[in-house]
> 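Right, I'll just put the structure down here and ask away after.
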Amino acid sequence: MKVKKFLAISISLLTIVSGVLLFYPIIHEEYRRDSLNSNPLNPGTVFKYSFYAYAIYTKQLYQTHQQFTCTDTSNGTLTIEVNPNSTISVSVTETSVVPGHMGNYGFKGYLSSNNCLIKYFLNNVSLSSPFIQINSLVGKVSSSQHIFCYHRDRWGQGLCSDCWTLPTDLNIINIHTCGMNTSETSYSDNFPNRLCYDQSGGGYNILTYASLNGNFSLAKTLFPNSDVFLAQGLSINLLKTNAGLHPLVKEYYISIYASYVLFIWVLSAPVIYSVIYSARKRSNGRRGLK
C-alpha cells in the first residue's frame with residue numbers, strides 16, 4: 001500500500017511540475033501583455049519598422065537605363081506614433097545608394113487613422129474573407145502560417161523582450177509590375193508579394209511583415225522622391241511595439257521548457273523504480289522470514 005501511495009504521489013508531483021514548466025511561459029506572456037496598450041489607437045502607442053529594398057526604380061533613370069542590376073539598394077526606418085490629439089505621427093528616415101538618388105532622406109507628417117499610408121500598417125479591415133483589399137492591394141488569405149517575432153517594448157523604460165505571434169498571411173495578387181526588370185527574378189521569387197497582419201484590440205490589424213515587388217503607393221512614401229515608381233525586393237519588418245498583439249504562438253511558449261520536463265521524467269523514472277523495487281524486495285524478505 002505504501003508503494004502504491006509513493007507511486008501516486010510521485011506521479012502527481014511530476015505532473016504538477018511538468019504542467020507548471022510547460023504552461024508558465026504562455027501564462028506569464030499573457031499577463032505581461034496586460035501592461036501594453038490593448039487598443040493600438042491609444043495615445044502613446046508606437047510602432048517601429050525597418051525596411052529594405054534591393055532596387056528602386058526612378059522614372060528618370062528608367063528612361064535612360066532600363067536594365068537594373070538590383071544592386072541599387074535602399075534601407076531605412078519608419079516610426080508610427082499615436083498622439084493625444086488623435087493624429088498619428090509618421091517619421092521616415094531612408095539611406096539610398098541609387099545613382100541620382102544617393103544620400104539620406106527624411107519625411108515626417110501628422111496623419112489621420114484613415115490615411116492611406118496608415119492603413120497599410122494599422123487598419124480594421126476584416127480578415128475573415130477569402131480576398132482582402134488593403135488600399136489598392138488585393139490579397140488572398142494564405143493557408144500557410146508564418147511565425148513572426150518582434151520586440152514588445154515598454155517605451156521609455158528600456159524593458160524589451162521577444163513576442164512570438166502567428167499573423168494572417170495575405171498573398172497580394174494584383175501588384176502592377178510593368179517596367180520591373182524581369183531578368184532579375186530571384187528577388188521576386190524569394191520575396192513574394194505578401195502582407196502579414198497580427199490582431200490587436202478594437203478589431204484592428206497591425207502589419208508585422210511585408211514583401212512587395214512592383215508599382216504601389218507605399219514605395220513612393222518610404223523612399224521620399226517623387227520620381228520613384230517601382231520597388232523590387234522590398235521587405236518591411238516590425239521591430240518593436242508597445243501594443244498588445246495576438247495570436248501568440250502557443251506551441252513556441254509551451255516548448256520553452258519542454259526539454260527540462262523530459263529531463264525531469266527521464267531522471268525521475270529510475271529513482272522511482274529503484275525505490276519501488278527496494279520497497280518490494282524488503283516486503284518480500286519480511287514475508288519469507290515469517
Side-chain angles (χ1 to χ4, degrees), residues 33 36-51 53 56 74 76-94 105-129 131-139 141 148 150-156 165 167-168 170 172 174-176 193-212 214-229 231 234-246:
R33 289 202 308 162
L36 303 175
N37 290 347
S38 59
N39 190 317
L41 286 183
N42 287 344
T45 305
V46 182
F47 304 92
K48 186 171 184 178
Y49 294 87
S50 66
F51 59 88
I56 59 173
S74 294
T77 60
L78 179 146
T79 303
I80 297 174
E81 182 172 5
V82 181
N83 301 314
N85 61 358
S86 298
T87 63
I88 299 178
S89 299
V90 177
S91 177
V92 177
T93 302
E94 179 231 341
Y105 297 85
F107 162 81
K108 187 168 184 178
Y110 297 90
L111 309 174
S112 71
S113 59
N114 294 323
N115 182 272
C116 288
L117 172 62
I118 299 299
K119 284 186 176 181
Y120 280 116
F121 298 90
L122 168 63
N123 62 67
N124 57 358
V125 176
S126 174
L127 300 179
S128 59
S129 302
F131 294 92
I132 312 297
Q133 183 167 349
I134 308 294
N135 292 323
S136 61
L137 301 182
V138 176
V141 177
F148 186 82
Y150 67 92
H151 290 299
R152 173 264 320 280
D153 192 354
R154 294 180 184 177
W155 240 257
T165 59
T168 299
L170 304 181
I172 306 303
N174 71 326
I175 286 186
H176 184 51
N193 293 325
R194 52 191 282 241
L195 299 173
C196 297
Y197 287 97
D198 272 353
Q199 281 75 58
S200 189
Y204 284 94
N205 311 307
I206 306 300
L207 183 73
T208 57
Y209 174 78
S211 59
L212 299 167
N215 187 343
F216 45 94
S217 61
L218 184 56
K220 298 177 179 63
T221 303
L222 294 179
F223 307 104
N225 184 318
S226 59
D227 205 25
V228 172
F229 75 107
L234 171 65
S235 62
I236 304 172
N237 287 276
L238 176 63
L239 297 179
K240 58 183 180 178
T241 181
N242 58 351
L245 306 184
H246 61 86

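None of the values given here were measured: they were computed from a predicted structure.
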> How far apart are the C-alpha atoms of Leu122 and Ile206, what are their side-chain angles, what is the distance that settles it, and do they pass the side-chain contact (heavy atoms from CB on, under 4.5 Å) test?
CA-CA 5 Å; Leu122 168 63; Ile206 306 300; 3.3 Å; yes
> Using the side chain to side chain donor-acceptor pair (under 3.5 Å) criterion, which residues pair with Ser89? Sequence neighbours excluded.
Asn83
> When rounded to the nearest 0.5 angstrom, what distance separates CG in Asn123 from CD in Gln133?
11.5 Å
> Atom CG in Leu218, atom CG in Asn135: separation rounded to 0.5 Å?
9.0 Å
> I need the Arg33 CZ to His246 NE2 distance, nearest 0.5 Å.
6.5 Å
> Treating Ser200 as the side-chain partner and Leu245 as the backbone partner, does any N or O pair qualify as donor plus acceptor under 3.5 Å?
no
> Where is the tightest heavy-atom contact between Thr208 and Pro167, given as atom of each residue plus distance?
OG1-CG, 3.5 Å
> Between Thr241 and Ala243, is there a donor-acceptor pair closer than 3.5 Å when you use the side chain of the first and the backbone of the second?
yes
> Under the side chain to side chain donor-acceptor pair (under 3.5 Å) test, which residues partner Thr45, sequence neighbours left out?
Asn37
> Taking only residues two or more places apart in sequence, or in another chain, which ones meet Ser128 in a side chain to side chain donor-acceptor pair (under 3.5 Å)?
Ser126
> Looking at residues at least two apart in the chain, or sitting in another chain, which of them share a side-chain contact (heavy atoms from CB on, under 4.5 Å) with Asn237?
Ser50, Phe148, Tyr209, Ser235
> Evaluate the criterion side-chain contact (heavy atoms from CB on, under 4.5 Å) for residue pair Leu238 and Phe47; output intermediate values, then yes/no.
CA-CA 7 Å; Leu238 176 63; Phe47 304 92; 4.3 Å; yes
> Please report the C-alpha distance between Ile132 and Val125 in whole Å, then the side-chain angles of each, then the deciding distance to 0.1 Å, and finally whether the side-chain contact (heavy atoms from CB on, under 4.5 Å) criterion is met.
CA-CA 8 Å; Ile132 312 297; Val125 176; 3.5 Å; yes
> Under the ring-ring contact (aromatic ring centres under 6.0 Å, His included) rule, collect the residues that match up with Phe51, sequence neighbours excluded.
Phe223
> Main chain of Gly214, side chain of Asn193: is a donor-acceptor contact present, judged purely on distance under 3.5 Å?
no
> Output every pair passing salt bridge (charged side-chain N to carboxylate O under 4.0 Å, His left out) with a member in residues 193-209, not counting sequence neighbours, ordered by first then second residue.
Asp169-Arg194
> Measure the shortest side-chain to side-chain distance between Val82 and Asn42 over non-hydrogen atoms and say whether it is less than 4.5 angstrom.
no
> Please walk me through it: do Thr79 and Val90 pass side-chain contact (heavy atoms from CB on, under 4.5 Å)?
CA-CA 6 Å; Thr79 303; Val90 177; over 6 Å; no
> Calculate, to the nearest 0.5 Å, the distance between atoms OG1 and OH belonging to Thr168 and Tyr197 respectively.
10.5 Å
> Between atom CD1 of Ile236 and atom OG1 of Thr77, what is the distance when rounded to the nearest 0.5 Å?
12.5 Å
> Just wondering, do Ile175 and Leu137 contact through their side chains at under 4.5 Å, heavy atoms?
yes
> With a 3.5 Å cut-off and sequence neighbours excluded, list the donor-acceptor pairs that the side chains of residues 109-121 form with protein atoms.
from: Ser112; atom 1: OG; to: Asn114; atom 2: N; distance (Å): 3.4
from: Asn115; atom 1: OD1; to: Leu117; atom 2: N; distance (Å): 2.8
from: Tyr120; atom 1: OH; to: Ser217; atom 2: OG; distance (Å): 2.9

> Kindly give the heavy-atom pair with the smallest separation between Tyr49 and Leu207, and that separation in Å.
OH-O, 2.7 Å
> Atom CG in Leu41, atom CG in Asn124: separation rounded to 0.5 Å?
8.5 Å
> Side chain of Asn205, backbone of Gln199: donor and acceptor closer than 3.5 Å?
no
